Student: 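Before I ask anything, let me first share the structure, which is written out below as structure tokens.
These figures come from a predicted structure and were not determined experimentally.
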Amino acid sequence: MMRLAAIRTAVLVMLALSACNKAPPLDNVCSYGPLPATSEVPAGQGGLVTQAATDAYFYAFDGAGKQVGSAHVNALLPLKPGEYQLKVNNSVHMGAVESATLTKCPTGGVLVNGSTDDYYHVFDDAGKELASAHIGAALSLFQGSYQIRLNNSSSAAQVQSGTTANLTTGTVNVDASTDEYYYVFDSAGSQLASSHLGKPLGLFAGMYTVKLNNSESKAEVGAETSNIPAGTLVLEGSTDEYYYVFNAAGTQLASSHLGRPLALFPGSYNVKLNNSTAITSVATSPITIGSGSITLQGSTDEYYYVFDHAGTQLASAHLGRPLSFLPGDYTAKLNHVSIPVRVEAGRANENQTGSLTVKSSGSGYYSVFDSAGTQLASKELNQPVSLPAGEYLVKAGSNTRTVAVTAGQSSVVNL
């Protein structure tokens, strides 16, 4: 019985010793070895080193997610025995520490090369951003799969311990003389980035759509710079108004104040100014289109209207205020009286009107008719009405008079 008890005790001691000297868990990243005698590590603890080629720090977290230590990469961090979550640039790996043992966990890296002044961003498989760096600067990461984004274009990177994954980018650039921006979209139509004209954007290789004032061009980005040609269009005019640019399908693309150019990709466009229209082609050379203006001058608080040759109303303005139009023949109307007007580029077309007032001591309204008997206007007695020069028939109650209106003058009828 005593011998059996001794054997049983010896087995328990061996099992205990075996448990105390348990080998670290198998790991395809970290390696384990004796702690150097010169290491400054408290008794009963081990050491951990995260190896990297960049100037970075690593952090150790316990099983509860609490940070228990940090150190510069390639420097030793003393830790109590146990398993720890290690982070370098928020990339994660599990490492074990044993008493009197040195744990080495090497990292790999990623490096995005390019010629632009941009930053790239590193994401894990779940889409969480981990770190970012300027183009040309490497980031240390634990071994694994990552998504790298540059101006929201993306490329996969497989990082291996001890090596750097090198990614090459290209650039896209739109050059034009205006103070405007271009925009880059992916194949799904999502906007990725934007930049001022003349300033290149770094992108990973692929096909992209570039928009400039909503005009479009395709860009294939490789390892070189993809320069997309653009031209400018400007509609000159003397009034404080805006012109509008439409594509061939009739979709409005952009607008600008008269005299201010718009950058566009080469193509055919419709230009509208107060609904007058011209078709023009934009190439890489500047395109300038001239306009003229129409003004009906008058002394009353009334509006005039401008129509095209088909009789469609294009615009209206208060008497005395000019309207700009593309060159062509138009009809201006004031109180239903038509005035043919020709618009020429760079010229102001002014037409002076006169006024008519029916004065009476009574109250009521008077009406104005043309020679064919069509009523043109109605106004309260003693209030003026503006009319183009000509002869008109005036009626107030049972009184009827023929009156001549002279441009720039006021005609008065006393009843």
Student: Out of T374, V358, L387, which one pairs with V368 under the side-chain contact (heavy atoms from CB on, under 4.5 Å) rule?
Tutor: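 Only one option passes, and that is L387.
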
Student: Among pairs that include at least one residue of residues 191-262, which meet disulfide (SG to SG under 2.5 Å), considering only residues two or more places apart or in two chains?
Tutor: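 Checked against disulfide (SG to SG under 2.5 Å) - neighbours excluded - no pair reaches residues 191-262.
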
Student: State whether a side-chain donor-acceptor pair under 3.5 Å links S293 with T239.
Tutor: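 On atom types as modelled, these side chains do not qualify, holding no pair under 3.5 Å.
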
Student: In terms of the angle between their ring planes, are Y242 and H257 parallel, tilted or perpendicular, with boundaries placed at 30° and 60°?
Tutor: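 Judged by the thresholds at 30° and 60°, the geometry between Y242 and H257 is perpendicular.
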
Student: Using ring centroids (six-membered ring only for Trp), state whether F61 and Y84 fall under 6.0 Å.
Tutor: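 Not under 6.0 Å, so no.
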
Student: Which residue pairs pass the salt bridge (charged side-chain N to carboxylate O under 4.0 Å, His left out) test with at least one member in residues 154-175, sequence neighbours excluded?
Tutor: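 Output for this query is empty, none listed.
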
Student: Among residues two or more places apart or on two chains, list those pairs meeting disulfide (SG to SG under 2.5 Å) that have a residue in residues 158-271.
Tutor: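 Residue pairs with at least one partner in residues 158-271: there are none.
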
Student: For S140, run the side-chain hydrogen bond (donor to acceptor under 3.5 Å, both in side chains) check against N89, T164, T54 and tell me which one passes.
Tutor: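 For S140, the side-chain hydrogen bond (donor to acceptor under 3.5 Å, both in side chains) test succeeds with only one of N89, T164, T54, which is T54.
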
Student: May I ask you to establish whether K272 and F246 are in a cation-pi arrangement, using a distance under 6.0 Å from NZ or CZ to the six-membered ring centre and at most 45° from the ring axis?
Tutor: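 Yes, K272 sits over the ring of F246.
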
Student: Would you say D27 and H93 are linked by a side-chain donor-acceptor pair, where the criterion is simply a distance under 3.5 Å?
Tutor: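 Note: H93 and D27 side chains meet the donor-acceptor criterion.
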
Student: Do the numbers put K333 on top of the ring of F307, so that NZ or CZ is under 6.0 Å from the six-membered ring centre and no more than 45° off the axis?
Tutor: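 So K333 does make the cation-pi contact.
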
Student: Please determine, by modelled atom types, if D370 and H336 share a side-chain donor-acceptor pair under 3.5 angstrom.
Tutor: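 No, no side-chain donor-acceptor contact under 3.5 Å.
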
Student: Are K395 and Y366 in a cation-pi contact, defined as NZ or CZ under 6.0 Å from the six-membered ring centre and within 45° of the axis?
Tutor: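 No, a cation-pi geometry is absent between K395 and Y366.
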
Student: Is it true that the NZ or CZ of K128 lies under 6.0 Å from the centre of F123's six-membered ring and within 45 degrees of the ring axis?
Tutor: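 The answer is no; the distance or angle limit is not met.
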
Student: Taking atom types as modelled, is there a side-chain donor on E216 or T209 under 3.5 Å from an acceptor on the other?
Tutor: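 No.
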
